[in-house]
Chemist: 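Below are the structure tokens for one structure; questions will follow.
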Number of protein chains: 2
Amino acid sequence: MAIHYEPLETQSLAKQIADKIRSAILDGRLKVDERLPTEEELAVKFAVSRPTIREALKRLAAQNLVRSRRGPAGGTFIKRPTPDELRRSVATSATLMVTFGEFDVDAITEARREMERLCLRLAISRRNEDYLKRMATEVELQRSDISDEEFCASDIRFHQTLVDATANPVLQFNMVSVIEALQPLMNMIANRFREREAIVEYHYALYRAIKDEDLEAAEKALDDLIDYLCVQYHSAQRG
Amino acid sequence: MAIHYEPLETQSLAKQIADKIRSAILDGRLKVDERLPTEEELAVKFAVSRPTIREALKRLAAQNLVRSRRGPAGGTFIKRPTPDELRRSVATSATLMVTFGEFDVDAITEARREMERLCLRLAISRRNEDYLKRMATEVELQRSDISDEEFCASDIRFHQTLVDATANPVLQFNMVSVIEALQPLMNMIANRFREREAIVEYHYALYRAIKDEDLEAAEKALDDLIDYLCVQYHSAQRG
DNA sequence: TTTGTATATTTGTCAAACAAATAGATAAAT
DNA sequence: ATTTATCTATTTGTTTGACAAATATACAAA
């Protein structure tokens, strides 16, 4: 019988130190804007050299958990990651899941259909002129003569606005990854004029339905849009 | 009028280098398992010192994008983050959003109610004995005499299993943050025996409804559970 | 054929120093 | 007296050079 030994994994000192400080931040033993000791002092405290301490701090900086400033009043401070940084981090994770094939197209479209439908319902029940105006602006833009990149960017903004209209930050946070995950597919089919035109019309139908507070029409427009994207995708796969 | 100058932000060399390599990874110019040049060579290539290169690589390591090994066949390799690492990263981001007050309890419960209801529908339509068995096991466990920590962990597993039953990896990925986000609230009320008992009964009702493919009963059980959590939370706030 | 050993390579760590930014104190000029 | 310039101390940013530790490869010995 094969004996399974412990990983024994002697991790690098820098990683161990980074993990210690991170958990101190996450469970509140270190508070936001608090100043860490200087790198020199940390080196003494952890009995390692300054470069090792720096590697640890850079790991934390990569996760937006600390920031550093030079000078006498400088140092390394506990930082509160901004919502935008956290959203961006989630979006990156979602993109990696897609590029490494963890999400198949069917799963992505199903999730998006279900979740965006849900957002639709809430958006209509909280109908708000401001968001409607922003959606109309994006549709206008998409009808005009813009580049494929601008079209894709506008597409993202259109759907994100729809999600923002739910007035629910948790849904907004989660939809980032779903919208982002579908983007490669959008890019693929956005460079054909006919496809773009069709998509804009679905967007307009969606906008109108929300404006009229017509849930049924809105759900149909969303279904049609996603069905259309699926068909286009599968035909592109064959062709 | 105050003039707003550009940030002018001269970022550290290590950060610039890390960002360059990261974008090369993300848009596929560097492929998984590919070996980067040695730290020495990178130092020459970017015209900086080795510690600076190392700080850059450690930033990437913190994001699970590279791994390093010592020795002749060692070096720094492009790594594909595992789904679990990415989920953990999302969970951490969600936790930070909660602890920094970006999500209020109403938004969290609304999102969870809506999204878990959606998962419920899919889970029933894809009813699977394996997942049902796992849910039953968790309910049994929750009925037994376990610590509060174990109870909370089991609660997470119960709901995660429900989500897994949708067989949709995108939903699974997203629900991590919603389930995680509600956890502080769970912890708060899990240390009272009566509350625990009530929660288990809702879990059991949920399990039974899915087993019987009774969507209506399942939605009611979920609603009741979340309503109960809300009531408990608000009474705890007052008390 | 197996086992041990040397060797080269590469990351991990350390030590000491200088560069650059910057807050605060001090001196100079108006 | 108030502003401006300069100095100084402090802290992160970066460099250099070195040694330690791990490990794949080749080679020698049993």
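Order of the sequence lines fixes the chain letters, A, B, ..., with proteins taken first and strands second; residue numbering starts at 1 for each chain.
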Chemist: Output the single nucleotide from C/dT11, C/dA15, D/dT23 whose closest atom is nearest the side chain of B/P72.
Modeler: D/dT23

Chemist: Is the CD atom of B/E34 crowded by more than 12 outside heavy atoms at less than 6.0 Å?
Modeler: yes

Chemist: Could you state the atom-to-atom distance from CD of A/Q11 to P of D/dA21 in whole Å?
Modeler: 19 Å

Chemist: Just how far, in rounded Å, is P of D/dG13 from CD1 of B/I17?
Modeler: 14 Å

Chemist: For B/K133 and B/D130, run salt bridge (charged side-chain N to carboxylate O under 4.0 Å, His left out): C-alpha distance rounded to whole Å, both residues' side-chain angles, the deciding distance at 0.1 Å, then the answer.
Modeler: CA-CA 5 Å; B/K133 201 165 291 176; B/D130 192 32; over 6 Å; no

Chemist: Starting at the 5' end of DNA chain C, which residue's closest nucleotide do you reach first, A/A47 or A/R70?
Modeler: A/A47

Chemist: When you measure from the side-chain N and O atoms of B/R54 to the phosphate of C/dG12, is any distance below 4.0 Å, counting only OP1 and OP2?
Modeler: yes

Chemist: Between C1' on C/dT11 and CG on B/L57, what's the gap in Å once rounded to a whole number?
Modeler: 10 Å

Chemist: For A/F77 and D/dT11, what is the distance between atoms CZ and P respectively, to the nearest whole Å?
Modeler: 10 Å

Chemist: Closer than 4.0 Å, any side-chain N/O of A/S68 to the OP1 or OP2 of D/dT11?
Modeler: no

Chemist: Quick one: on DNA chain C, does A/L13 or A/G74 contact a more 5' nucleotide (nearest heavy atom)?
Modeler: A/L13

Chemist: Give, for atom CZ of B/F151 and atom CD of B/Q142, the distance between the pair rounded to the nearest 0.5 Å.
Modeler: 5.0 Å

Chemist: Could you give the CD-to-P distance, from B/E55 to C/dC14, as a whole number of Å?
Modeler: 14 Å

Chemist: Which whole-number value in Å describes the distance from B/E40 CD to D/dT15 C1'?
Modeler: 12 Å

Chemist: Roughly, in whole Å, what's the span from CD1 in A/I53 to C1' in C/dG12?
Modeler: 14 Å

Chemist: The side chain of B/A73 is closest to which nucleotide in this list: D/dG13, C/dT13, D/dA24?
Modeler: D/dA24

Chemist: So does B/R69 get a side-chain nitrogen or oxygen closer than 4.0 Å to the phosphate oxygens (OP1/OP2) of D/dT23?
Modeler: no

Chemist: For B/E138 and B/H203, test the side chains for any donor-to-acceptor distance below 3.5 angstrom and give the result as yes or no.
Modeler: no

Chemist: Evaluate the side-chain contact (heavy atoms from CB on, under 4.5 Å) criterion for residues B/F100 and A/V32: first the C-alpha distance (whole Å), next the side-chain angles of each, then the deciding distance (0.1 Å), finally the verdict.
Modeler: CA-CA 10 Å; B/F100 289 143; A/V32 170; 3.5 Å; yes

Chemist: Below the 4.0 Å mark, does D/dG13 have OP1 or OP2 next to a side-chain nitrogen or oxygen of A/K58?
Modeler: yes

Chemist: If you check every side-chain atom of B/T38, which of C/dT10, C/dC14, D/dA18 has the closest atom?
Modeler: C/dT10

Chemist: If I take atom CD in residue A/E39 and atom C1' in nucleotide D/dT14, what distance separates them, rounded to the nearest angstrom?
Modeler: 11 Å

